[in-house]
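Treat the numbers as computed from the prediction; the structure is a model and nothing was measured.
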Amino acid sequence: MSSTPTIGVLALQGDVREHLTALAAADAAAVSVRRPAELAAVDGLVIPGGESTTISKLAALFGLTEPLREAIRGGLPVYGSCAGLIMLADKILDPRSGQETFGGIDMIVRRNAFGRQNESFEASVDVRGVQGGPVEGVFIRAPWVESVGAGVEVLAEHGGHIVAVRQGNALATSFHPELTGDHRVHELFVAAVRTGS
């Protein structure tokens, strides 16, 4: 792989543009992914924040659910923020009717765990593996991780709840680093794509 990996952002719904900007700032070639052929052409994929039930429905509509599951199982590096964390969970505690995930991380998540839209907040979060001090996390109707399996590495907690995890090729955060102008979480992901870890 070249030193500039091609990283897709799942462009079905959510803060796609912000992730494209953050990935470009982290020295990746950032592209939108809406179709299986576009998915097949990337070295890594970001699943953005947004509404997890909508992302689930649109992925099915665009014929992406199974190709995404297969790609993640096959080792495609993925990073999910907020709704993306929900989509990477093997289990949701309180799924909406018919809501499916792509899976990839052995964790149980709770949707909207930190409260509704008007209870959104920012907080400094120490993320293991990110150099240079805490990351400013934006929590918008954010989920948290209720529990993880033995193979999952907890990278950050906030208020006694798990808010960042990694398992194999998959990285996920409850918060939105793409909304802050601090690109270190994206740099961490791009470095993982580059090394294939």
Side-chain angles (χ1 to χ4, degrees), residues 6-23 28 30-74 76-117 120 137-146 152 162-179 185-186 189 193:
T6 300
I7 299 182
V9 178
L10 188 63
L12 300 176
Q13 192 259 345
D15 46 355
V16 174
R17 190 171 42 88
E18 292 84 352
H19 275 293
L20 290 168
T21 300
L23 287 166
V31 296
S32 295
V33 169
R34 277 191 199 88
R35 294 187 163 63
E38 294 166 341
L39 175 65
V42 298
D43 303 312
L45 183 74
V46 171
I47 303 167
E51 175 51 59
S52 60
T53 48
T54 304
I55 292 170
S56 170
K57 283 177 186 151
L58 289 173
L61 199 64
F62 279 82
L64 274 166
T65 306
E66 280 313 315
L68 262 165
R69 285 178 179 154
E70 281 173 34
I72 293 166
R73 274 197 301 266
L76 179 74
V78 284
Y79 165 50
S81 68
C82 196
L85 173 136
I86 296 169
M87 295 306 297
L88 288 174
D90 284 348
K91 186 161 185 237
I92 309 173
L93 266 185
D94 45 357
R96 285 270 178 86
S97 169
Q99 181 173 9
E100 294 189 62
T101 68
F102 306 134
I105 299 179
D106 181 11
M107 62 180 172
I108 300 172
V109 299
R110 186 182 292 278
R111 298 165 58 251
N112 303 336
F114 282 106
R116 302 207 163 282
Q117 191 87 21
S120 301
V138 178
F139 292 79
I140 303 170
R141 292 174 61 205
W144 67 47
V145 179
E146 284 276 329
V152 179
I162 300 168
V163 295
V165 293
R166 178 167 48 198
Q167 182 176 19
N169 54 310
L171 171 71
T173 61
S174 295
F175 52 88
H176 295 265
E178 71 280 3
L179 299 180
V185 172
H186 289 79
F189 179 60
V193 174

Find out whether [X] and [Y] are in side-chain contact, i.e. whether some heavy atom of one side chain is under 4.5 Å from a heavy atom of the other.
{"X": "F139", "Y": "H176", "answer": "no"}
{"X": "V165", "Y": "I105", "answer": "yes"}
{"X": "L88", "Y": "I72", "answer": "yes"}
{"X": "V16", "Y": "L10", "answer": "no"}
{"X": "I7", "Y": "V46", "answer": "yes"}
{"X": "Q99", "Y": "K57", "answer": "no"}
{"X": "V109", "Y": "E146", "answer": "no"}
{"X": "P143", "Y": "C82", "answer": "yes"}

Salt bridge (charged side-chain N to carboxylate O under 4.0 Å, His left out): which pairs involve residues 77-93, sequence neighbours left out?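 The answer is none; no pair qualifies.
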Counting only N and O atoms by type, is there a donor-acceptor contact under 3.5 Å from the side chain of [X] to the main-chain atoms of [Y]?
{"X": "T65", "Y": "A60", "value": "yes"}
{"X": "R141", "Y": "N112", "value": "no"}
{"X": "T6", "Y": "D43", "value": "no"}

Report the residues that fulfil salt bridge (charged side-chain N to carboxylate O under 4.0 Å, His left out) with R69, sequence neighbours left out, ordered by chain and then residue number.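 So R69 forms a salt bridge (charged side-chain N to carboxylate O under 4.0 Å, His left out) with E66, E100.
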Search all heavy atoms of [X] against all heavy atoms of [Y] and return the closest pair with its distance.
{"X": "A71", "Y": "L39", "answer": "CB-CD2, 4.4 Å"}
{"X": "G104", "Y": "A170", "answer": "O-CB, 4.3 Å"}
{"X": "S52", "Y": "A83", "answer": "N-CB, 3.8 Å"}
{"X": "L85", "Y": "A172", "answer": "CD1-CB, 3.8 Å"}

Does the plane of the ring in Y79 sit parallel, tilted or perpendicular to the ring in F189? Use 30° and 60° as the thresholds.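 If you compare the ring of Y79 with that of F189, the planes turn out tilted.
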With rounding to the nearest 0.5 Å, note down the distance linking [atom1] in [X] to [atom2] in [Y].
{"X": "F62", "Y": "R34", "atom1": "CZ", "atom2": "CZ", "value": "7.0 Å"}
{"X": "L12", "Y": "S32", "atom1": "CG", "atom2": "OG", "value": "10.0 Å"}
{"X": "R110", "Y": "I86", "atom1": "CZ", "atom2": "CD1", "value": "12.0 Å"}
{"X": "F102", "Y": "L45", "atom1": "CZ", "atom2": "CG", "value": "8.5 Å"}
{"X": "I92", "Y": "S56", "atom1": "CD1", "atom2": "OG", "value": "7.5 Å"}
{"X": "Q13", "Y": "T53", "atom1": "CD", "atom2": "OG1", "value": "8.0 Å"}

Side-chain H-bond candidate by donor/acceptor type, T21 with E178, under 3.5 Å: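 There is no such pair (donor and acceptor under 3.5 Å, judged by atom type) between the side chains of T21 and E178.
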Run the side-chain contact (heavy atoms from CB on, under 4.5 Å) check on F175 and V138 step by step: do they pass? CA-CA 5 Å; F175 52 88; V138 178; 5.6 Å; no
With side-chain contact (heavy atoms from CB on, under 4.5 Å) as the test, would you mind laying out the steps for V31 and V42 before giving the verdict? CA-CA 8 Å; V31 296; V42 298; 3.8 Å; yes
Give the intermediate values and the outcome of side-chain contact (heavy atoms from CB on, under 4.5 Å) for residues V152 and I162. CA-CA 11 Å; V152 179; I162 300 168; over 6 Å; no
So which of D15, V33, L23 actually passes side-chain contact (heavy atoms from CB on, under 4.5 Å) with V9?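 Testing each of D15, V33, L23 against V9, the sole residue satisfying side-chain contact (heavy atoms from CB on, under 4.5 Å) is L23.
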